[in-house]
Amino acid sequence: MAHKKIALIGGGQIGGVLAQLIAMKQLGDVVLYDIVEDLPQGKTLDIAEAARVDGFDVKVTGTNNYKDIAGSDLVIVTAGLPRKPGMSRDDLLSTNAKIMKVVAENVREYAPNSIVMIISNPLDAMVTLFKKVSGFPANRVLGQAGVLDSSRFSTFIAWELGVSVKDVNAMVLGGHGDTMVPLIRYANVNGIPVMEMLERKYKDKAKAKEVIMAMVERTKMAGGEVVKLLKTGSAFYSPASSATAMAESILLDEKRLLPACALLNGEFGVTGYYAGVPAVLGANGIERVVELSLDADEQAAFDNSINAVKKLVEDMERLGF
Ligand code: APR
């Protein structure tokens with residue numbers, strides 16, 4: 001069987017790790033594109049030269065020419081600037097929208113049948129813009145955020161409860177900003193509600209609530225926590241891992257149910273906006289959005305997050321995109 005082809009637009013921190021992870025998992029041949037001359041060629045040469053050691057035989061090449069993405073099955077976009085300390089994701093809006101418009105025009109021209117996953121921030125706005133400019137159907141344009149936010153939430157829960165993170169299931173929905181919605185009620189350790197475990201640990205409901213709320217807050221601010229430490233950029237290992245999990249589900253048609261940034265068409269009471277929701281990811285991209293019941297507080301938090309996404313999209317439209 002011919003290898004699948006994966007184009008990575010943006011050969012910076014996330015793009016480089018993505019190229020290596022995708023090669024090591026042999027998901028397909030990788031083409032890494034960047035506007036900076038020689039950068040994607042250098043990174044991919046370096047990765048390709050580890051093939052003997054890591055035992056992969058997919059091709060990993062770099063380019064500054066969009067023509068080389070022709071025939072891609074999957075395109076993952078990280079082009080754009082990352083945050084510096086003190087910046088919110090939304091501060092990247094105008095710079096990254098300019099870049100995303102050009103990316104979308106080129107992907108539309110050279111890889112018109114691809115499924116596209118956006119990682120660039122501010123995520124919800126960037127996915128919206130890509131969809132608008134490309135005119136691709138909604139199932140083929142999605143964003144990566146929820147898998148990472150959920151992994152961060154799960155990590156904090158595992159540390160707190162002293163259990164393997166492999167047994168923690170926790171989901172974060174909504175927009176990929178400070179209003180994101182970590183779902184406490186659904187968080188569990190192999191089926192046991194996290195709140196029950198916390199209440200047993202502390203033998204005090206109020207203390208358990210305080211502890212979970214601290215983890216919720218840390219999850220919301222987790223990207224900023226890394227930015228503050230790195231000083232020169234934002235998280236890249238965990239976003240690359242998260243996107244690789246989504247790519248794997250799409251390329252291998254695994255139909256995993258993962259939180260993804262998807263265009264809503266009435267689900268969760270929202271129409272016409274992108275937001276993080278549970279979705280089945282397979283060979284057709286977003287194969288379906290999966291709804292779940294939210295109580296009044298969760299729905300209010302979700303609506304608040306959608307309002308933040310709407311404001312971001314309006315700001316982008318006001319900028320002329
Ligand atoms: N076309 C293609 N690539 C571009 C363009 C463009 N018009 N403009 C910039 N780039 C490239 C840069 O040259 C750089 O190599 O995008 C790359 C971005 O890489 P980094 O600066 O290392 O950023 P990274 O950490 O990979 O994050 C990328 O993902 O999580 C988000 O907020 C983050 O928006 C940021 C994006």
Side-chain angles (χ1 to χ4, degrees), residues 7-22 31-44 46-47 62-69 72 75-111 116-130 133-134 142-149 151-152 175-178 180 221-244 246 261 276 312 316 321:
L8 307 176
I9 312 297
Q13 297 279 60
I14 301 177
V17 179
L18 260 178
Q20 188 182 30
L21 288 175
I22 290 172
V31 174
L32 185 68
Y33 170 93
D34 203 284
I35 43 162
V36 178
E37 261 180 47
D38 292 341
L39 173 76
Q41 291 86 346
K43 282 201 179 181
T44 51
D46 189 14
I47 292 168
T63 184
N64 306 113
N65 190 335
Y66 272 108
K67 281 191 184 133
D68 295 326
I69 73 166
S72 294
V75 176
I76 306 179
V77 184
T78 62
L81 301 192
R83 286 194 271 174
K84 298 255 163 56
M87 284 174 91
S88 82
R89 293 183 182 90
D90 297 0
D91 293 334
L92 300 168
L93 184 61
S94 73
T95 324
N96 285 357
K98 266 186 225 125
I99 294 171
M100 190 56 64
K101 185 162 178 279
V102 177
V103 171
E105 287 163 353
N106 281 287
V107 173
R108 181 183 62 194
E109 178 162 356
Y110 294 105
V116 180
M117 188 196 307
I118 308 293
I119 304 182
S120 313
N121 277 313
L123 196 261
D124 309 280
M126 292 303 104
V127 185
T128 304
L129 181 61
F130 188 98
V133 175
S134 68
L142 62 146
Q144 184 295 122
V147 172
L148 170 57
D149 297 327
S151 181
R152 286 171 167 159
H176 186 50
D178 300 348
M180 68 177 76
M221 300 300 156
E225 190 180 348
V226 174
V227 172
K228 206 169 158 201
L229 292 165
L230 294 182
K231 295 178 185 71
T232 54
S234 50
F236 55 100
Y237 294 112
S238 56
S241 291
S242 304
T244 302
M246 294 172 76
C261 182
L312 193 62
M316 186 169 70
F321 294 98

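These numbers were taken from a predicted model, which means no experiment stands behind them. Hydrogens, waters and symmetry mates play no part in the numbers below; they use all other heavy atoms, side chains included. Counting starts at 1 for both ligands and their atoms, following the listed order. Numbers here are sequence positions counted from 1.
With a 4.0 Å cut-off on non-hydrogen atoms, I14 touches ligand 1 through its backbone as well as its side chain.
Within the 4.5 Å cutoff, the side chain of L148 has heavy atoms near those of the R152 side chain. Side chains of V227 and M87 form no contact here, defined as non-hydrogen atoms less than 4.5 Å apart. Side-chain contact between L32 and I47 is absent, with no heavy-atom pair separated by less than 4.5 Å. Annotation: side chain of F321 is in contact with side chain of K98 (closest heavy-atom distance under 4.5 Å). With a 4.5 Å cut-off on side-chain heavy atoms, R83 and D91 do not count as touching. Using a 4.5 Å heavy-atom cutoff, the side chains of L123 and R89 are not in contact.
Where the criterion is an N or O separation shorter than 3.5 Å, residue side chain and backbone included, D34 meets it with respect to ligand 1. In terms of polar-atom proximity, defined here as any N/O pair under 3.5 Å, R83 makes no such contact with ligand 1. For V103, no nitrogen or oxygen atom sits less than 3.5 Å from a nitrogen or oxygen atom of ligand 1, counting backbone and side chain alike.
In terms of protein heavy atoms, atom 35 (C) of ligand 1 is closest to L81 O, 3.3 Å. Here the protein heavy atom with the shortest distance to atom 18 (C) of ligand 1 is G80 O, 3.2 Å. Of the protein's heavy atoms, T78 O, 3.0 Å lies nearest to atom 28 (C) of ligand 1. Protein heavy atom in closest approach to atom 6 (C) of ligand 1: I99 CG2, 3.6 Å. Residue, atom and distance of the protein heavy atom nearest to atom 3 (N) of ligand 1 are A79 CB, 3.5 Å. The shortest contact between atom 32 (O) of ligand 1 and any protein heavy atom is with N121 ND2, 3.0 Å. Considering only non-hydrogen protein atoms, atom 22 (O) of ligand 1 sits nearest to Q13 N, 2.8 Å.
Assignment of L39 to the shell around ligand 1 is supported, since a heavy atom sits closer than 4.0 Å. Note on ligand 1: V102 sits outside its first shell, no heavy atom being nearer than 4.0 Å. Ligand 1 does not have G233 within reach: every non-hydrogen atom of the residue lies 4.0 Å or more from it.
With ligand atoms numbered from 1 in the order given, ligand 1 contributes 34 (O) to contacts under 4.0 Å with heavy atoms of N96. The atoms of ligand 1 that sit less than 4.0 Å from any heavy atom of G11 are 15 (O). Those atoms of ligand 1 with a heavy atom of V36 less than 4.0 angstrom away are 13 (O).
There is no side-chain donor-acceptor pair under 3.5 Å between Q20 and D46.
Taking each heavy atom of L81 and N96 in turn, the nearest pair found is N-OD1, 2.8 Å.
Exactly one residue among L312, L93, I99, V103 makes a side-chain contact (heavy atoms from CB on, under 4.5 Å) with M126. That residue is L93.
When P82, G12, A240 are ranked by how near their heavy atoms come to atom 21 (O) of ligand 1, first place goes to P82. Atom 4 (C) of ligand 1 has its nearest heavy-atom neighbour, among L32, L8, I35, in I35.
Side-chain N or O atoms of Q41 include one that pairs as donor or acceptor with a backbone N or O of D38 at under 3.5 Å. Between the side chain of T78 and the main chain of I119, no donor-acceptor pair closer than 3.5 Å is present. Using a distance-only test at 3.5 Å, with no hydrogens or angles considered, a donor-acceptor pair links the side chain of N64 to the main chain of D34.
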